[in-house]
Protein chains: 2
Amino acid sequence: MAQQLLQALDRAGVRLTGPRRELAHLIAQRAGHFTAADLLADAERRQLGIGRATIFRLLELLAEQNLVERVDLPDGRHAYVPCEPSHHHHLVCISCGGSSEVDDCGIDAVAAEAARRSGFEIQSHRLELFGRCPGCQSGTSPQ
Amino acid sequence: MAQQLLQALDRAGVRLTGPRRELAHLIAQRAGHFTAADLLADAERRQLGIGRATIFRLLELLAEQNLVERVDLPDGRHAYVPCEPSHHHHLVCISCGGSSEVDDCGIDAVAAEAARRSGFEIQSHRLELFGRCPGCQSGTSPQ
DNA sequence: CCATAGATGAGACTTAGTCTCATGTAGGTT
DNA sequence: AACCTACATGAGACTAAGTCTCATCTATGG
Ligand SMILES: [Zn+2]
Ligand SMILES: [Zn+2]
Ligand SMILES: [Zn+2]
Ligand SMILES: [Zn+2]
């Protein structure tokens, strides 16, 4: 998965630097959503010497390329989810942080209908579903 | 509209203090979504002497009572929209900041379908639609 | 191997939000 | 009306999130 990120960055025409390679691996090792602070902590724990700015810069890059998607957690924090460029909505587990993708079936129709009724010209939308994944429901391991 | 907010606060059993009355009016005078910083600026402009903490505390209260709803703007800022307690989704104009409500037709079905397929137990969801309202499309007044 | 545009880390800086605490006041009680 | 007290407030310290600048470094094409 880290490779995919790096390939996509290469395709986007940016340099494959040491810090970016390392961060790609840190992201790949995270199971679900993560915050900038999470990545920063990972990097510090491993003493990679990566600056705060570099992390924010990479996340911005990845978001531009649709390699991660920003989700706003119910508690207000900003997090990121590694993301297939073609899918745009996520089910986020508030217990373990895992996420899975939702295909757009129906959502676009809802958006179109809302646009028709309101007269708005819709440019973007954001849908996030929060709950507990199958694993966290059965196992009593809310991590 | 300020009256509605104040009545609802009264019903919720909290005190109707001076700062709360003044903030209710400031909120009522804002056309669409607003951030905590917006309110703070309004209050300072009028020299109301209202502290930062008071504003955050009131917004938290209003959100608990579903009198405002938090929306996360595409640029990452946290904003609030005055809100009917019964409706839960918004069309937000990125040009003038106005918003209108979307009834849930279809959205809940999408959520239910996603839950069925994924096995997630969905606890909450957030849908925000961003675009340009009818007024901002026709008039060349992006405010 | 070199040149250079692009990327980096350090750390100052800005903004958002929380917390504590001494003081003030809303609103019920008398 | 005066009083009491739990609740609310403003000030300002504090923390966390994010941006910016700039001197230095390096990936990459030639
Ligand atoms: Zn996705
Ligand atoms: Zn889970
Ligand atoms: Zn609403
Ligand atoms: Zn508008």
Side-chain angles (χ1 to χ4, degrees), chain A residues 3 5-27 33-65 67-68 70-80, chain B residues 3 5-27 33-65 67-68 70-80:
Chain A
Q3 285 316 310
L5 289 180
L6 292 170
Q7 280 171 25
L9 284 179
D10 194 21
R11 241 175 287 127
V14 301
R15 294 187 181 170
L16 294 183
T17 65
R20 286 178 178 166
R21 289 173 198 277
E22 292 168 330
L23 287 173
H25 282 97
L26 292 182
I27 291 173
H33 61 73
F34 57 89
T35 63
D38 290 334
L39 267 193
L40 191 47
D42 286 352
E44 279 179 357
R45 205 172 303 122
R46 305 203 181 184
Q47 318 217 46
L48 298 177
I50 295 178
R52 182 169 44 254
T54 300
I55 287 176
F56 283 97
R57 288 189 280 233
L58 179 62
L59 288 173
E60 193 181 355
L61 247 183
L62 294 176
E64 273 169 16
Q65 305 297 320
L67 299 169
V68 300
R70 267 260 307 272
V71 297
D72 294 291
L73 267 23
D75 67 9
R77 283 178 307 155
H78 295 156
Y80 295 84
Chain B
Q3 286 314 311
L5 289 179
L6 292 170
Q7 281 171 25
L9 284 179
D10 194 22
R11 240 176 287 127
V14 302
R15 294 187 182 170
L16 293 184
T17 64
R20 285 178 181 167
R21 290 175 198 277
E22 292 168 330
L23 287 173
H25 283 97
L26 292 182
I27 290 173
H33 61 73
F34 58 89
T35 63
D38 289 334
L39 267 193
L40 191 47
D42 287 352
E44 280 179 358
R45 205 171 303 120
R46 306 202 181 185
Q47 317 218 47
L48 299 176
I50 296 178
R52 183 169 41 255
T54 299
I55 287 175
F56 282 98
R57 288 188 281 233
L58 179 62
L59 287 173
E60 193 181 354
L61 248 182
L62 294 176
E64 273 169 16
Q65 305 296 321
L67 299 170
V68 300
R70 266 260 309 271
V71 298
D72 294 291
L73 266 23
D75 67 9
R77 283 178 306 154
H78 294 155
Y80 296 83

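Quantities reported herein were computed from a predicted structural model and do not represent experimental measurements. So you know, we letter chains A, B, ... as the sequences are listed, proteins then strands, and number each from 1.
- A/L61 places its CG atom 10 Å from the C1' atom of C/dA7, with the value rounded to the nearest Å.
- The nearest heavy atom of DNA chain C to B/A36 and to A/P19 marks one nucleotide each, and the one closer to the 5' end goes with A/P19.
- With hydrogens and angles disregarded, no donor-acceptor distance shorter than 3.5 Å links the side chain of A/R70 to the backbone of A/A63.
- Between B/I50 and B/E22, the shortest heavy-atom contact is CD1-OE1, 3.6 Å.
- A close approach under 4.0 Å does occur between a side-chain nitrogen or oxygen of A/R20 and OP1 or OP2 of C/dA7.
- One can place CD of A/E22 at 11 Å from P of D/dA27, the figure rounded to the nearest angstrom.
- Fit an axis to the five pairs at each end of the helix from C/dC1-D/dG30 to C/dT30-D/dA1 and the two axes sit 30° apart, to the nearest 10 degrees.
- When the P atom of D/dA11 is taken as reference, atom CG of B/L40 falls 11 Å away, rounded to whole Å.
- With a 6.0 Å radius and a threshold of 12 heavy atoms from other residues, nucleotides or ligands, B/Q47 has its CD atom at or below the threshold.
- Judged by distance alone, with hydrogens and angles left aside, the side-chain atoms of B/H78 form a donor-acceptor pair with the main-chain N or O of A/G76 at under 3.5 Å.
- D/dG10 atom P lies 11 Å from atom CG of B/L58, rounded to whole Å.
- Whole-Å rounding puts the A/E60 CD to C/dG6 P distance at 16 Å.
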Please list each protein N or O that sits under 3.5 Å from an N or O in nucleotides 23-27 of chain C, with the distance.
from	atom 1	to	atom 2	distance (Å)
C/dA26	N3	B/R15	NH1	3.4
C/dG27	OP1	B/L16	N	2.9

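- Closest approach of B/I55 and B/A36 over heavy atoms only: CG2-O, 4.2 Å.
- Residue A/G49 is in sugar-phosphate contact alone, with no base atom involved, counting any heavy-atom pair closer than 4.0 Å across all strands shown.
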Practice item. Apply side-chain contact (heavy atoms from CB on, under 4.5 Å) to B/Y80 and B/L62, showing your working. Key: CA-CA 10 Å; B/Y80 296 83; B/L62 294 176; over 6 Å; no
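- Among C/dA12, D/dA11, D/dT21, the nucleotide with an atom closest to any side-chain atom of A/R57 is D/dT21.
- Atom P of nucleotide C/dA16 and atom CD of B/E44 are separated by 12 Å, given to the nearest angstrom.
- Note that OG1 of A/T54 and CG of A/L40 are 10.0 Å apart. Values are rounded to the nearest 0.5 Å.
- One interatomic measurement links the two molecules: CZ of A/F56 to P of D/dG18, which rounds to 5 Å at whole-angstrom precision.
- Straight-line distance from the NE2 atom of B/H78 to the C1' atom of D/dG18: 12 Å, rounded to whole Å.
- Within the 4.5 Å cutoff, side-chain heavy atoms of B/L58 are placed close to those of B/L9.
- The closest donor-acceptor contact from the side chain of B/D38 to the backbone of B/T35 lies under 3.5 Å.
- Closest to the side chain of B/R52, out of D/dG12, C/dT8, D/dG18, is D/dG12.
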